Amino acid sequence: MVVGDVTTGTELLVIGGGPGGYVAAIRGAQLGLDTTLVERDAYGGTCLNHGCIPSKALISASDVAHDARQAESMGVFADPAVDMAGMTEWKDGVVTRLTRGVESLCESAGVNLIEGTAEFVDDETVRVAHGGEGQGSESLSFEHAVVATGSRPMEVPGFEFDGEHILSSKDALALESVPEKLLVVGAGYIGMELSTVFAKLGAEVTVVEMLDDVLPGYEDDIEAVVRERAEDLGIDFNFGEAADDWEQTDEGIRVQTVDADEEITEYNAEKCLVAVGREPVTDTLALENVDLQTDEDGFLPTDDQCRTAFESVFAVGDVAGEPMLAHKAMAEGEVAAQASAGEPAAFDHQAIPAAVFTDPEIATVGMTESEAEAAGFDPVVGQMPFRANGRALTVNEREGFVRIVADADDEFLLGAQIVGPEASELIAELGLGIEMGARLEDIAGTIHTHPTLSEAVHEAAAAARGEAVHTR
């Protein structure tokens, strides 16, 4: 039986249940708004289901296997067997626990949950098409709407994802066996994270990249640390090449690349992972019905309250523009909900931290030295190598450094770059420092626990003041 179209009303409508969407929905309900969240796939969005969480789970699991094999220098000898299907099952268990947690949090806050795909009918109504034959649709009227539809992996022309030969990051995270030979197109953060995972699990990994190094956008010395560690793992890099064509073979696939001189190179592999970036999802929304236009990159422009050009419609997360980070989406979700409830709110920040979970990790916040100079500052820089940090040596991690950038005149923190063990955790102190208007003396004058990696943050701040004790 086909369910007819019915209309109900809600004060706050949230479209998309990823980090930005579910936070907006929960915060809206906490503020007393009748709130409805529409999600077409799975609560938690790409981050929890196909991105941040499953990738970090596999990174952790592959590290266990790799570290055990590489522990001879510590007097430990092991050759662990990897059950990829079992590892995937464990990863899926982590994902399920968290996605169910999101659903439970929404329900506990009083959020109305609807499964389906929402598109705008006009400036105060959406139609939600329910998945499955005969499930019908329903209409929802709203006072305020938050668009949180996220992003999806970009395809290379001719390399459309099929889940068997040409893989998206989502496909790669669902593999139940390790490919013997994996070709990765793209050396950005997703390509580098997953290349490292499969290399540690025993795959022969080759990476092709159009640009001249890994991780475009990061400073050269940071790129070098990560690239050299990847090469030590056996990953083969080929820069200045673009994926051009592919064909299936008896052994798997053959991929053809072309360089700037139109020279062709062929690679044989079992599977090809395409990781060239992500694009915002707006084509499901029928934006033309509310006269909303995306910018040239496909994002919905917003103001400091996350409002779009249409006052009652907000946009948060990946769909609202760079940086495409889950924690940025969460912060925007709170702002949008508070603004919808008439509360004073603005997306006001000094800096947003970012992390890449390569080996070793990278984490950054605020300005680099060159960015500070371009902004008119006279920067002073302090750096502490992890090879001089006692805790780093005790965990057998000596590559990388902590770098702090401050203004030479008043010593206010401007930025920090970390490449090394637990960089994603260490960056929080420096992000807080920038938000609070801390100076170098605040970091250098704070006693840090010994022996810890955080001492490298302390020493870098001291170095910027010319007061380093443990480095020359």
Side-chain angles (χ1 to χ4, degrees), residues 67 70 73-74 213-215 218-232 351 353-373 377-472:
D67 292 346
Q70 302 297 314
S73 64
M74 302 170 72
D213 208 342
V214 303
L215 299 168
Y218 287 91
E219 293 168 291
D220 292 346
D221 53 355
I222 291 176
E223 295 173 339
V225 172
V226 174
R227 184 187 65 253
E228 289 167 8
R229 179 72 66 87
E231 290 172 339
D232 289 343
V356 181
F357 293 82
T358 45
D359 184 1
E361 291 181 359
I362 300 170
T364 61
V365 66
M367 300 179 187
T368 63
E369 181 181 8
S370 60
E371 289 170 341
E373 289 176 346
F377 292 98
D378 177 19
V380 61
V381 177
Q383 188 161 308
M384 169 66 168
F386 279 112
R387 66 175 178 271
N389 176 266
R391 182 56 179 156
L393 297 183
T394 65
V395 296
N396 205 28
E397 290 283 353
R398 63 183 65 204
E399 300 302 322
F401 53 83
V402 175
R403 180 159 58 220
I404 294 177
V405 181
D407 181 49
D409 294 333
D410 53 27
E411 293 196 352
F412 279 115
L413 296 183
L414 300 175
Q417 302 83 46
I418 304 176
V419 56
E422 303 296 339
S424 59
E425 301 290 344
L426 295 173
I427 202 66
E429 175 183 0
L430 294 162
L432 177 63
I434 292 173
E435 287 292 335
M436 292 184 65
R439 302 171 188 261
L440 288 172
E441 64 177 340
D442 297 315
I443 304 297
T446 298
I447 298 173
H448 288 62
T449 308
H450 175 78
T452 63
L453 299 170
S454 69
E455 288 178 289
V457 175
H458 174 274
E459 189 75 6
R465 308 190 80 211
E467 299 173 352
V469 173
H470 298 94
T471 57
R472 292 195 293 271

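The analysis underlying the following values was restricted to heavy atoms, covering all of them including side chains, and did not include hydrogens, waters or symmetry mates. Computed from a predicted structure; not experimentally measured.
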To the nearest 0.5 Å, what is the distance between [atom1] on [X] and [atom2] on [Y]?
| X | Y | atom1 | atom2 | result |
| --- | --- | --- | --- | --- |
| Leu453 | Thr394 | CG | OG1 | 7.5 Å |
| Ile443 | Glu411 | CD1 | CD | 11.5 Å |
| Ile427 | Glu361 | CD1 | CD | 11.0 Å |

* To do: Apply side-chain contact (heavy atoms from CB on, under 4.5 Å) to Val381 and Ile404, showing your working.
  => CA-CA 6 Å; Val381 177; Ile404 294 177; over 6 Å; no
Minimum heavy-atom separation for [X] to [Y], with atom names?
| X | Y | answer |
| --- | --- | --- |
| Ala456 | Asn389 | N-ND2, 3.8 Å |
| Thr446 | Asp442 | OG1-O, 2.5 Å |
| Pro353 | Ala351 | CD-O, 3.9 Å |
| Glu459 | Val469 | OE2-N, 2.8 Å |
| Leu215 | Glu223 | O-OE2, 3.0 Å |
| Pro421 | Glu397 | CG-CB, 3.8 Å |

* Can you list every pair that meets ring-ring contact (aromatic ring centres under 6.0 Å, His included) and has a residue in residues 379-434, with sequence neighbours left out? ->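 The answer is none; no pair qualifies.
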* Asked: Can a salt bridge be assigned to the pair Arg391 and Glu455 using a cut-off of 4.0 Å between side-chain N and carboxylate O?
  ->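 Salt bridge absent between Arg391 and Glu455.
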I'd like to know if the side chain of [X] reaches the main chain of [Y], judged simply by a donor and an acceptor atom lying under 3.5 Å from each other, with no hydrogens or angles considered.
| X | Y | answer |
| --- | --- | --- |
| Arg439 | Asp410 | yes |
| Asp359 | Ala230 | no |
| Gln417 | Ile222 | no |

* Take atom CZ in Arg398; do more than 12 heavy atoms of anything else shown fall under 6.0 Å from it? -> no
* Got more than 12 heavy atoms from elsewhere within 6.0 Å of NE2, His448? ->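 Atom NE2 in His448 is crowded, with more than 12 foreign heavy atoms closer than 6.0 Å.
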* Asked: Applying the side chain to side chain contact (heavy atoms under 4.5 Å, CB included) test to Thr471, which of Met384, Gln383, Arg387 qualifies?
  -> Met384
* Check the pair Asp221, Arg403 against side-chain contact (heavy atoms from CB on, under 4.5 Å), reporting the backbone distance first and the verdict last. => CA-CA 11 Å; Asp221 53 355; Arg403 180 159 58 220; 2.6 Å; yes
Contact between [X] and [Y] at the side-chain level, heavy atoms closer than 4.5 Å - yes or no?
| X | Y | value |
| --- | --- | --- |
| Leu414 | Glu371 | no |
| Leu413 | Leu440 | yes |
| Thr364 | Tyr218 | yes |
| Val214 | Arg227 | yes |

* To do: Decide side-chain contact (heavy atoms from CB on, under 4.5 Å) for Thr358 and Arg229; before the verdict, give the C-alpha distance in whole Å, the side-chain angles of both, and the deciding distance to 0.1 Å.
  => CA-CA 9 Å; Thr358 45; Arg229 179 72 66 87; over 6 Å; no
